Amino acid sequence: MAPIPGSGLAKGLAVTLRTMTRKSVTAQYPDTQPELPPRSRGVIGLFEENCTVCMLCARECPDWCIYIDSHKETVPPAAPGGRERSRNVLDRFAIDFSLCMYCGICIEVCPFDALFWSPEFEYAETDIRDLTHERDKLREWMWTVPAPPALDAGAEEPKEVAAARKTADKLAAAQADGTEQADGTEQADGTEQAAGTEQAGGPGQPGTPRQSGTPGQSGTPGQEGRA
């Protein structure tokens with residue numbers, strides 16, 4: 001069936017009429033804070049302890065608005081005879097939010113979960129140069145990041161949690177084996193000591209030196225038993 005001419009215009013006017021009859025409500029910001037979606041893209045928070053200065057976020061950023069400086073430090077060997085290792089130490093991590101287009105690529109490519117979305121949006125400045133926020137400010141925004149949504153009941157356990165649990169089970173099993181082995185050694189030593197005591201003097205009797213004599217007769221000093 002062909003549409004009636006002018007039906008689209010009539011539907012549009014109907015929406016306009018319904019909107020005109022409703023009472024408008026204006027939220028008096030900042031006295032009234034807006035209700036944001038739970039996973040809003042406000043700013044990017046930095047969890048500095050997880051950052052390994054891999055530079056993936058800075059390389060993948062389409063706007064080149066992430067600035068990272070670092071230096072290398074030598075770490076002494078963990079065990080005697082081991083070799084020294086070097087690690088990257090973060091000196092500067094800054095994001096220029098006057099250039100950022102909030103695409104979220106830096107958060108997606110971070111392999112160590114060091115960047116997160118925060119719903120914080122009140123960071124306007126009068127000077128555009130002040131929109132480059134350093135790592136101290138990014139760390140403050142980290143504590144406003146909401147908790148991740150819960151997993152489905154039938155979802156698989158995260159690989160990180162499964163690996164940590166497997167390692168903990170191995171350590172517990174090794175400790176249990178060591179305790180059982182130590183208990184078995186102590187028990188064996190006690191049994192050997194008791195056996196030696198019984199052989200020396202018999203149960204409940206102290207050991208006495210043997211004397212020569214015939215079977216069934218005890219020899220006296222200076223005399224030998226007759227055959």
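Here the structure is a predicted model, which is why all the values come from computation and not from measurement. Residue indices begin at 1 and follow the sequence shown.
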How far apart are the closest heavy atoms of L46 and M142, and which atoms are they?
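Distance-wise, the nearest heavy atoms are O-CB, 3.7 Å.
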Give me the atom names and distance for the closest heavy-atom approach of I66 to C57.
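Of all heavy-atom pairs spanning I66 and C57, the closest is CD1-O, 3.8 Å.
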Would you give me the side-chain donor-acceptor pairs under 3.5 Å for residues 91-120, sequence neighbours excluded?
| unit_1 | atom_1 | unit_2 | atom_2 | d |
| --- | --- | --- | --- | --- |
| D91 | OD1 | H71 | ND1 | 2.9 |
| D91 | OD2 | H71 | N | 3.4 |
| D91 | OD2 | H71 | ND1 | 2.9 |
| R92 | NE | E134 | OE1 | 3.1 |
| R92 | NE | E134 | OE2 | 3.3 |
| R92 | NH2 | E134 | OE2 | 3.0 |
| D96 | OD1 | S98 | N | 3.1 |
| D96 | OD1 | S98 | OG | 2.5 |
| D96 | OD1 | T132 | OG1 | 3.3 |
| D96 | OD2 | S98 | OG | 3.3 |
| Y102 | OH | Y123 | OH | 2.2 |
| S118 | OG | E120 | N | 3.2 |
| S118 | OG | T144 | OG1 | 2.4 |

Does the pair K170 and T167 meet the rule for a side-chain contact (heavy atoms from CB on, under 4.5 Å), with working shown?
CA-CA 5 Å; K170 287 184 178 180; T167 303; 5.7 Å; no
So if you build clusters from Ile, Leu, Val, Met, Phe, Trp, Tyr with side-chain heavy-atom gaps below 4.5 Å, do I44 and L56 land together?
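I44 and L56: separate clusters.
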Are V145 and L138 linked, directly or through intermediate hydrophobic residues, by side-chain heavy-atom contacts shorter than 4.5 Å (ILVMFWY only)?
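As far as the 4.5 Å side-chain criterion goes, V145 and L138 are not connected within one cluster.
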How are the rings of Y29 and F121 set to each other: parallel, tilted or perpendicular (split at 30° and 60°)?
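Tilted.
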Around E156, counting heavy atoms of other residues, nucleotides and ligands shown, do more than 12 lie under 6.0 Å from its CD?
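Incorrect, the count does not exceed 12.
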I128 atom CD1, over 12 foreign heavy atoms within 6.0 Å
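Counting other residues, nucleotides and ligands, CD1 of I128 stays at 12 neighbours or fewer.
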Would you call [X] and [Y] a side-chain contact if the rule is heavy atoms closer than 4.5 Å?
X	Y	answer
V89	S70	no
M55	I68	yes
R83	P77	no
E73	R85	no
E140	H133	no
V75	E84	no

Look at the side chain of S40 and the backbone N and O of L36, then say whether any donor-acceptor pair between them is shorter than 3.5 Å.
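Side chain of S40 to backbone of L36: no pair is present.
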Between D152 and G154 (side chain of the first, backbone of the second, donor and acceptor by atom type, cut-off under 3.5 Å), is there such a pair?
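Side chain of D152 to backbone of G154, a donor-acceptor pair under 3.5 Å: no, none is there.
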Just how far is it from atom OG1 of T52 to atom CZ of R87, taken to the nearest 0.5 Å?
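So the OG1 of T52 and the CZ of R87 are separated by 11.5 Å.
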